[in-house]
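These notes are about the structure you will find just below.
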2 protein chains.
Amino acid sequence: MGEPRWLNETEMQAWAGFLEASDLLNRLVELHLREAGGVTRVQYEILHRLNESPESLRMTELAALMVCSPSGLNYQVGQLVKSGLVRRDPDPSDERGILISLTEQGRAVLLAAAPGHVATIRAGLIDLLSEQQVAQLASIMKVARDHLRSLVPTAPSRRAVDKRS
Amino acid sequence: MGEPRWLNETEMQAWAGFLEASDLLNRLVELHLREAGGVTRVQYEILHRLNESPESLRMTELAALMVCSPSGLNYQVGQLVKSGLVRRDPDPSDERGILISLTEQGRAVLLAAAPGHVATIRAGLIDLLSEQQVAQLASIMKVARDHLRSLVPTAPSRRAVDKRS
DNA sequence: TGTTCTTGTTTCGAATTCGAAGCAACGTAG
DNA sequence: CTACGTTGCTTCGAATTCGAAACAAGAACA
């Protein structure tokens with residue numbers, strides 16, 4: 001490979017800014033969620049996904065919607081079960097599958113935490129930007145997300161152990 | 001507080017996209033760095049900061065430049081010392097202070113990892129965007145970063161333990 | 001029907017992160 | 001000069017995350 005194309009000033013600012021802003025935002029959201037609802041960002045996201053989907057979700061489906069390893073997801077679901085916010089049921093159609101669904105308490109916790117969560121997101125990002133900038137950000141992130149989704153493995157790649165005989 | 005101002009469609013896309021894209025990018029960068037240079041993203045950042053600054057940095061200064069707790073930084077610096085990429089020296093002007101500086105090997109590792117790192121950043125974000133979008137992103141992230149910096153505590157706040165006697 | 005491959009989830013150990021607490025050196029006020 | 005609050009770093013235990021391996025149940029196929 002030829003000599004690398006280094007980042008120019010603007011590109012550097014975009015990257016460094018993005019990195020630091022996302023770290024700080026994560027920190028902020030985590031902080032507020034904990035002192036408000038007593039849940040993690042990941043846990044909140046699990047509750048949110050479950051609430052959004054009409055049916056209960058299997059571990060695999062849930063994992064596909066989120067960015068974390070199967071084992072990481074399993075751990076957090078376990079925590080939520082312990083707190084009584086989520087239920088694990090066997091999938092009648094597939095003995096292997098596990099169906100995850102919100103309990104009443106889980107839905108209540110989500111609804112209670114949501115307003116504060118949205119306020120945090122506004123205070124930390126959305127309300128800092130003009131309407132136009134929000135649209136730009138949405139558009140930029142759509143490109144990045146779509147591309148990264150196909151580029152970054154979240155599950156352990158079985159293909160790595162692929163044997164071509 | 002009145003009823004919450006929920007996010008509209010575009011705002012939601014901006015937020016969700018940002019969150020997921022940053023998670024995926026982190027993952028991608030971490031992955032590539034590990035298999036290339038054998039360092040973590042945080043470790044890379046430490047090396048990078050040290051290389052950028054003309055003088056060696058104190059722990060506190062380094063912590064201020066990054067987004068991580070003092071203890072987290074201490075751990076990673078410890079790892080880097082163990083690998084011989086970084087040196088800890090006492091600060092002659094202040095017995096408490098510790099000066100961190102790159103070793104020759106540390107600089108070498110950084111320089112070796114840099115091209116691949118930049119390539120990853122390009123492949124995962126920068127090269128997906130138009131020149132205009134990169135400028136927009138840089139501008140947006142500057143606003144967010146500056147604001148978040150003053151909003152999010154990275155060090156344990158001593159003020160919390162403030163005694164009002 | 002067995003055999004073998006694949007898929008879905010869980011367990012395990014290691015690495016990283018945090019906040020709180022601990023300790024040591026600084027600086028200041030009496 | 002001594003006491004006290006402050007600052008800088010480290011240690012500690014707990015929580016979270018990951019990848020690899022284990023396990024169990026479908027599916028494909030001879």
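Everything numeric in this text was worked out from a predicted model, so none of it was measured. A note on names: the letters A, B, ... follow the listed sequences, proteins ahead of strands, and every chain is numbered from 1.
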Length of the line joining A:I100:CD1 and C:dG8:P, which is rounded to integer Å: 14 Å
When you check the gap from the basic side-chain N to the acidic O, do B:R5 and A:D127 get nearer than 4.0 Å? yes
Report which part of the nucleic acid B:R41 touches: base, sugar-phosphate, or nothing (heavy-atom distance under 4.0 Å, all strands). nothing
Given B:R49 and B:E61, is the side chain to side chain contact (heavy atoms under 4.5 Å, CB included) satisfied, shown in steps? CA-CA 10 Å; B:R49 302 288 189 189; B:E61 296 174 309; over 6 Å; no
Nearest to the side chain of B:N74 - C:dA25, C:dT11, D:dT11? D:dT11
Taking atom types as they are modelled, would you say the side chain of A:S69 forms a donor-acceptor pair with the base of D:dG19 within the 3.5 Å cutoff? no
Are OP1 or OP2 of C:dA15 and a side-chain N or O of B:Q79 less than 4.0 angstrom apart? no
Residue pair A:M59/A:L31 against DNA chain C: nearer the 5' end by closest nucleotide is A:M59
Can you work out whether A:Q76 or B:E61 has the more 5'-proximal nearest nucleotide on DNA chain D? B:E61
Between B:R34 (CZ) and D:dG19 (C1'), how many Å, whole number? 10 Å
Rounded to the nearest Å, what distance is computed from the CG atom of residue B:L24 to the P atom of nucleotide D:dC18? 12 Å
Phosphate oxygens OP1/OP2 of D:dT17: is one of them under 4.0 Å from a side-chain N or O of A:Y75? no
Shortest side-chain distance from B:R96, nucleotide among C:dT11, D:dT7, C:dT17: D:dT7
Looking only at atom types and distance, does a side-chain atom of A:E30 sit under 3.5 Å from a main-chain N or O of A:R27, one as donor and one as acceptor? no
If you measure only the distance, is there a donor-acceptor pair under 3.5 Å linking the side chains of B:R87 and B:T103? no
Against the side chain of B:E95, the closest entry in C:dT11, C:dC26, C:dT16 is C:dC26
OP1 or OP2 of D:dT17 under 4.0 Å from side-chain N/O of B:R27: no
Rounded distance (Å) that lies between atom P of C:dA15 and atom CD of B:E30: 14 Å
5'-most contact on DNA chain D (nearest-nucleotide basis), A:D94 vs A:L73, goes to A:L73
Show your reasoning for whether side chain to side chain contact (heavy atoms under 4.5 Å, CB included) applies to A:L33 and A:T40. CA-CA 7 Å; A:L33 270 183; A:T40 304; over 6 Å; no
When rounded to whole Å, the CG to P distance for the pair A:D23 and C:dT16 reads 16 Å
Using OP1 and OP2 only, check whether a side-chain N or O of B:T40 sits under 4.0 Å from C:dT16. yes
